Amino acid sequence: MPPEPGAKLLVPATTELMGWGRTAPTASDLRRPTSAVELQRALPTTSPRGLLARGLGRSYGDAAQNSGGTVIETTDVDAFTIHDSEPGSSTVLVTAEAGASIDRMLHALVPQGLFVPVTPGTRYVTVGGAIAADIHGKNHHHKGSWCQHLESLRLQLADGSVVDVGPERDPDLFWATAGGMGLTGVILEATIRCPRIGSSRLLVDTDRAPDLDSVLELMSSGDHAYDYSVAWIDLMATGKSMGRSVLTRGRFATAEEAAPKTGRDTFAYKAGVIANTPPFIPPGLLNKLSIRAFNELWFRKAPAERRDELQTIPTFFHPLDMVGGWNRIYGPGGFLQWQFVIPFGTEATLTRIIGELSKAGCTSFLAVLKSFGEGNPAPLSFPAAGWTLALDIPTGVPGLGPLLDHLDDLVAEAGGRIYLAKDSRMRAELVGTMYPRLDDWRAVRDRVDPNRVFRSDLARRLGL
Amino acid sequence: MRDALGAVQSVLVLGGNSEIAIAITERLVDLRCRTVVLAVRDPLSPVTATAADALRARGATTVEAVGFDALASESHSGVIDETFARFGDFDLVISAFGVLGDQEMFNNDPAAAAIAASTNFVGAVSSSLAVATRLRAQGHGVLMVITSVAGVRARADNFVYGSTKAGLDAFAQGLGDSLVGSGARVVVVRPGFVHTRMTEGMKPAPFAATSDKIADAVIAGFGKGREIIWAPPILALVFGLLRHLPRSLWRKVSAR
């Protein structure tokens, strides 16, 4: 039984925790503070195996686990404040506690004509988690990642002291915390620049691309004209259709443009779970046949070319959130997500990787392809200028381990990297190659946490 | 740490001269295991040195042998604690020690039978409990206990061995159930007849396999998160039937 909210700060409960992929559970003393004051009481800690903050557990692997140690679930520490602003300003400051989720924030922000600067494919992530993973979204090619939109963040260090850091104030610690997987301290709150939007609808263009070359060409030539862009790619298609994709791109509609759908309620926002995954899923429900059929259907139902379709925020940004607990559809064996980025100019490697995945009949739906803009100063931040591909794969696929090890090598050789927030299986030896500034990050970590109070299973596995 | 696909980074083998355990460990090193500790009666024996060299050649960076006497139950907690303290977390502990013995000889020397039972069962109980304490404290890790199909149904020609493995199998299952929620797990491996030093000169039983074949089955089952691994997997079916045969029929089938 998970502990009751608020009841377990002083009496920790040994609880098994998993990532979103449900693959490698480990046990920790789980505590769930209900206020910022309680949260800060967790440090300094006497736990011999350290401490880690956890949000909504959306990282796929073991990033939010600390076996044998303490885990502080911050999701009940979730207050946020929308600050006053000049009417003409393009952004509004929002100060949010670590456990505030994008979901909750959107319910308050959107009706006021505001949005979050960056959203991933799920709105069930916390502000703390968004910073720790330096999350990105469909607008990375224009706006960069989450931490580039922070004024400042408040961090509790291993000795219990609290510091405010930002791009101008101890930038080394700020950027080490951005994408730092929670290993520099406990993020208490952050102040975020949130953009104004014209309505709660998006104007979306859809293009169907028959193969990989054509989708890359469409993105290279046209992405700059769209605020948001992402392609869904069918990795089960082989031969001439290898890499066939459905590309959706758009921007927020103005009040006028949205009026046919929203009427006078320009900022109407409704987002919820419309169905839940049933409690029991037979192993192997998702297999080569069912996924191939799904992918075929998805590709065919997409229009060859459609312009200016009005879509809601949940439909455009968070379609999977409509199904509660969708991560269980992979059955008891769980699944993993493999996401890499490789630089522009290494398209030959991209083609080779997609070819090998298609050939292996890697049962994957929901593979996502996107072009990133420039990276930021954070040593462990994932995004970098280039192509990123993310795919979900059930763990039962035969030969999956050796295949992904081999593909990791191709990614590393091309100067690319694997996203730590998604990782659940990469080899420790590759981290330094993929993140060449790892030692810069370690230097800051060793400065603020010389005794390694902040630990995670991911850090243990990869030797961070 | 054990990863999403069942690969581990550190292994402790209790009974580090077991050919089955070494074959399993070799495959884990091929996958990415870098630390292997072989707990054996004589850490300086040439058999252990050869196994250690082979593991290093495959890519393990830390391979060490430590002294471990299965019969010295009172020493087990100390040895296990020291080993964990020295090498850190173990993602997998394989309990692989055991003696087969000779039923004829046991019939004439009950004391020898008791020593075999102490090795196979009593020693495994004390060492497994010591391991379980460590795994619980680290909040993760798997104890893999190698039992035998001989324990599924005792046979006239090796019932001392079979009964020790039956006891061990039941013990391991119960231990595994008691660890639910602790992050630690127990995996029971039930090999059939395996061609090893232990069985040299014996007439192979049906579905006999090499330790390499056994290890392949174990790695496959382990990756899938199985709690009980039959090796080779066909034995699950075979013994599903055999265990329900009337005894008169079982006596005939099992007589060799």
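A note on names: the letters A, B, ... follow the listed sequences, proteins ahead of strands, and every chain is numbered from 1. Since the model is a prediction, treat every value here as computed from it, not as a measurement.
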Please examine the side chains of T26(A) and M1(B), heavy atoms only from C-beta on, and report whether any two atoms are closer than 4.5 Å. yes
Closest non-hydrogen atom pair between S182(B) and A27(A), with its separation: O-CB, 3.1 Å
Residue pair L336(A), L5(B): steps toward the side-chain contact (heavy atoms from CB on, under 4.5 Å) verdict: CA-CA 9 Å; L336(A) 58 83; L5(B) 299 173; 3.8 Å; yes
Side chain, backbone, both or neither: which part of R460(A) has an atom under 4.5 Å from a heavy atom of chain B? both
Chain A interface, residue from R32(B), R136(B), H140(B), R34(B) that has the most non-hydrogen pairs under 4.5 Å: R32(B)
Of the backbone (N, CA, C, O) and the side chain (C-beta and beyond), which part of A7(B) lies under 4.5 Å from a heavy atom of chain A, both, or neither? neither
Checked D91(B), D3(B), V180(B) vs chain A; the most non-hydrogen pairs under 4.5 Å come from D3(B)
Q9(B) and A428(A) have their tightest heavy-atom pair at NE2-CB, 4.5 Å
What part of Q65(A) lies closer than 4.5 angstrom to a heavy atom of chain B: side chain, backbone, both or neither? neither
In plain terms, say whether R461(A) and D89(B) are close enough for a salt bridge, that is, a side-chain N and a carboxylate O under 4.0 Å apart. no
Among L400(A), D405(A), L17(A), the residue with the most heavy-atom pairs under 4.5 Å to chain B is D405(A)
Chain A contact via Q138(B) - side chain, backbone, both or neither, heavy atoms under 4.5 Å: both
So, the part of T395(A) with a heavy atom under 4.5 Å from chain B: the answer is both
Hey, which residues of residues 215-236 of chain B are touching chain A, say heavy atoms under 4.5 Å apart? none
